[in-house]
Amino acid sequence: IPGLLKALEDSYEYVRWNAAVALAKIGSETAIAWLLKALENSYEYVRMYAAVALAKIGTETAIPGLLKALEDSNKDVRWNAAEALAKIGSETAIPGLLKALEDSNEYVRMYAAVALAKIGSETAIAGLLKALEDSNKDVRMYAAFALGEIGLEEAIPALINALSDAEDSVRFSATDAIGKIGSRYALT
């Protein structure tokens, strides 16, 4: 593990990537502890690949470190942390992911919406309704998707408004979400 962690700092990107993959395959508590420490490394690529490896391991132990990484100065670290939290899918990440829906980077906002969809908690509705009005079409699309996955009727008016969006993908996601929500209530 120490050798692989040193390899995370290699000058060659594919060595860094393979080191992260190897650490993810090992997946031991020792590897997780080292990867969490690597999230605080001064080198941004080390932090990014540590988040990638933690996503592959998928342990809830990583959530506090990944939430901290959502506030990293580097956008690539932030969106990889959001993606990792999406793969882990724990409700304890919701407050940080809601904050990430307002990040300056669209990939961070997009992966935050994906994570909230996977978690499926009603506490994310207000943030996702706001994200449905995001300036980025992909964020709006994933916000609509997430609202459909959570499935509360209160999202339908905003989703109906999204049917007028200029982007096909947003309108498609909104129609799908309305269908998912409507079918849940029609069956009850």
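These figures come from a predicted structure and were not determined experimentally. Side chains are part of it too, since the values below use all heavy atoms of this structure and drop only hydrogens, waters and symmetry mates.
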Would you say I88 ends up clustered with V114 if hydrophobic residues are merged whenever their side chains have heavy atoms under 4.5 Å apart, either directly or through other cluster members? no

Roughly how far, to the nearest 0.5 Å, is CE of M48 from CG of D72? 11.0 Å

OG1-CG distance between T61 and L35, expressed to the nearest 0.5 angstrom: 11.5 Å

State whether a side-chain donor-acceptor pair under 3.5 Å links Y49 with E9. no

Looking at A177 and G148, what are the two nearest heavy atoms and their distance? CB-CA, 3.5 Å

Could you tabulate the donor-acceptor pairs under 3.5 Å formed by side-chain atoms of residues 63-70, not counting sequence neighbours?
none

R140 vs E167 side-chain heavy atoms within contact, under 4.5 Å: yes

Taking the side chain as every heavy atom from C-beta outward, state whether S73 and R47 have any pair of such atoms under 4.5 Å apart. yes

Can you tell me how far the CG atom of D10 sits from the OH atom of Y43, to the nearest 0.5 Å? 8.5 Å

For a quick test of reading the model, state the closest non-hydrogen atom pair linking R171 to L163 and the distance between them. CD-O, 3.0 Å

Do Y142 and I125 sit in the same hydrophobic cluster, where Ile, Leu, Val, Met, Phe, Trp and Tyr count as joined when their side-chain heavy atoms come under 4.5 Å apart? no

Within this structure, what is the OG1-CD distance for the pair T123 and E91, rounded to the nearest 0.5 Å? 6.5 Å

Do D176 side-chain atoms and F172 backbone N/O form a donor-acceptor pair below 3.5 Å? no

So if you build clusters from Ile, Leu, Val, Met, Phe, Trp, Tyr with side-chain heavy-atom gaps below 4.5 Å, do W79 and V139 land together? yes

Show the numbers, then the answer: is there a side-chain contact (heavy atoms from CB on, under 4.5 Å) between E44 and D76? CA-CA 8 Å; E44 64 195 36; D76 295 326; 5.7 Å; no

What's the shortest heavy-atom distance between A174 and A162, and which atoms? CB-CB, 3.8 Å

Roughly how far, to the nearest 0.5 Å, is the CG atom of L159 from the CD atom of E153? 12.0 Å

Looking at K180 and E149, would you say the former's side chain and the latter's main chain have a donor-acceptor pair under 3.5 Å? no

For residues I32 and L54, determine if any side-chain heavy atom of one lies less than 4.5 Å from a side-chain heavy atom of the other. yes

Taking the six-membered ring of Y45 as reference, does the NZ or CZ atom of R16 fall below 6.0 Å from its centre and within a 45° cone about the axis? yes

Just checking, is any N or O donor in the side chain of N136 or E106 under 3.5 Å from an acceptor N or O on the other one? no

Rounded to the nearest 0.5 Å, how far apart are CG of L85 and NZ of K87? 11.5 Å

Shortest non-hydrogen contact from A38 to A50? CB-CB, 3.8 Å

Of all the heavy-atom pairs spanning A155 and I181, show the shortest one and how long it is. CB-CD1, 4.3 Å

With clusters defined by side-chain heavy atoms of hydrophobic residues (ILVMFWY) lying less than 4.5 Å apart, directly or transitively, does V15 cluster with W17? no

Examine L147 and V170 and state if one hydrophobic cluster contains both, with Ile, Leu, Val, Met, Phe, Trp and Tyr joined whenever side-chain heavy atoms are less than 4.5 Å apart. no

